[in-house]
Participant: 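Just passing along the structure, written as structure tokens.
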Amino acid sequence: MNCLEAQSYIMPFIEGKVPEHKQEEFVLHMKNCPKCHEELEIYYTLIVGMKQLDNQEELSSNFSRDLENKLNHLQNKVKGRRGIKVSTFALVCFSLIAVMIIFYEQCLNRVYAFEQETKRNNQSSYYFYRELNADLFLPALDRLETEREAEEKQTFTLYDKIKIYDAVTNAEQEIFDIGGVITRQ
Ligand SMILES: [Zn+2]
């Protein structure tokens, strides 16, 4: 706002009619431009003084102080409006973040459900495999016992080799199962 424009708002200011979008610039200019401030003070004293005389009110003892109060009042009004704008902005940001968090959690839940589903599917085929394997092929074997038997025999048939392999696999599986139980606890 230049001096000419600022001075054009002197009368509206005295009447309390500076447009909202010009209030901030007007106050800023009047507080920082001694020339315009002096002009404003002259008009303010003249017009407010005449009004007070017309209305047979008590004449103000300090027009300069009254003017500062009026300027400060307008400045606070502008600041208050900006505060509302900022809090609205903060509210919008907060809402956006909340929506994002909810969306993210939903995604996590979906991924979790998908993983659980996959795990369950894999487990069922895995369990069937184990059960069928145990029933159709060899019963559960003790690795140490099977090794001892094999050592005694000295000669290994293909069947013996399969038996030893199965016993070792069983033992491994047992270790994994125990490990699983321990980690779950
Ligand atoms: Zn000026």
Side-chain angles (χ1 to χ4, degrees), residues 1-129 175-185:
M1 188 178 273
N2 58 30
C3 291
L4 202 69
E5 198 184 356
Q7 287 174 21
S8 76
Y9 286 112
I10 286 179
M11 282 310 291
F13 170 74
I14 292 168
E15 290 165 357
K17 286 174 185 166
V18 179
E20 270 191 11
H21 65 286
K22 290 288 175 188
Q23 287 172 354
E24 189 175 9
E25 283 178 79
F26 177 80
V27 174
L28 212 69
H29 190 100
M30 285 305 169
K31 281 185 174 265
N32 292 296
C33 177
K35 205 180 100 194
C36 289
H37 191 275
E38 199 188 331
E39 194 93 353
L40 175 66
E41 204 173 322
I42 291 166
Y43 276 96
Y44 183 83
T45 309
L46 272 175
I47 292 162
V48 174
M50 280 198 307
K51 251 187 211 160
Q52 286 172 347
L53 284 175
D54 277 353
N55 298 338
Q56 293 180 336
E57 290 169 12
E58 200 184 324
L59 210 61
S60 172
S61 58
N62 194 338
F63 284 105
S64 178
R65 188 198 57 209
D66 290 353
L67 176 61
E68 283 325 296
N69 286 344
K70 200 169 157 71
L71 276 173
N72 287 336
H73 179 74
L74 190 62
Q75 193 173 36
N76 288 338
K77 227 168 85 178
V78 169
K79 272 185 194 160
R81 266 206 309 275
R82 203 188 306 141
I84 290 167
K85 260 184 216 164
V86 167
S87 58
T88 309
F89 178 72
L91 195 73
V92 169
C93 282
F94 179 76
S95 309
L96 269 178
I97 290 168
V99 166
M100 274 163 72
I101 288 172
I102 291 167
F103 180 73
Y104 178 68
E105 284 205 334
Q106 276 178 350
C107 280
L108 277 188
N109 284 343
R110 230 171 275 168
V111 169
Y112 179 75
F114 175 77
E115 276 185 350
Q116 288 298 306
E117 184 67 22
T118 316
K119 233 183 246 177
R120 218 179 1 257
N121 289 341
N122 288 345
Q123 257 175 6
S124 62
S125 58
Y126 173 71
Y127 281 135
F128 278 126
Y129 171 79
I175 290 165
F176 282 140
D177 287 347
I178 291 165
V181 170
I182 291 168
T183 37
R184 266 200 297 279
Q185 281 166 352

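Computed from a prediction, not measured in an experiment: that's the story for all the values here. Just so you know, ligand 1 is whichever comes first in the structure, and atom 1 is the first atom listed for that ligand.
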Participant: In sequence, state the C-alpha distance, the side-chain angles, and the governing distance for K22 and E5, and then conclude on side chain to side chain contact (heavy atoms under 4.5 Å, CB included).
Facilitator: CA-CA 10 Å; K22 290 288 175 188; E5 198 184 356; 2.9 Å; yes
Participant: Can you pull the salt bridge (charged side-chain N to carboxylate O under 4.0 Å, His left out) pairs that have at least one residue in residues 79-91, sequence neighbours excluded?
Facilitator: E20-R81, E24-R82
Participant: Is any protein N, O or S atom closer than 2.8 Å to the Zn ion (ligand 1), and if so, which?
Facilitator: C3 SG, H29 NE2, C33 SG, C36 SG
Participant: Distance-only criterion, 3.5 Å: show the donor-acceptor pairs between side-chain atoms of residues 37-48 and protein atoms not counting sequence neighbours.
Facilitator:
residue	atom	partner	partner atom	Å
H37	NE2	E68	OE2	2.8
T45	OG1	E41	O	2.7

Participant: Please identify each residue that fulfils side chain to side chain contact (heavy atoms under 4.5 Å, CB included) with S60, with sequence neighbours left out.
Facilitator: Q52, F63, D66
Participant: Specify the closest pair of heavy atoms between Q75 and V27, including all atoms of both residues, with the distance to one decimal.
Facilitator: CB-CG1, 3.8 Å
Participant: Looking at Q7 and C36, what are the two nearest heavy atoms and their distance?
Facilitator: NE2-SG, 3.3 Å
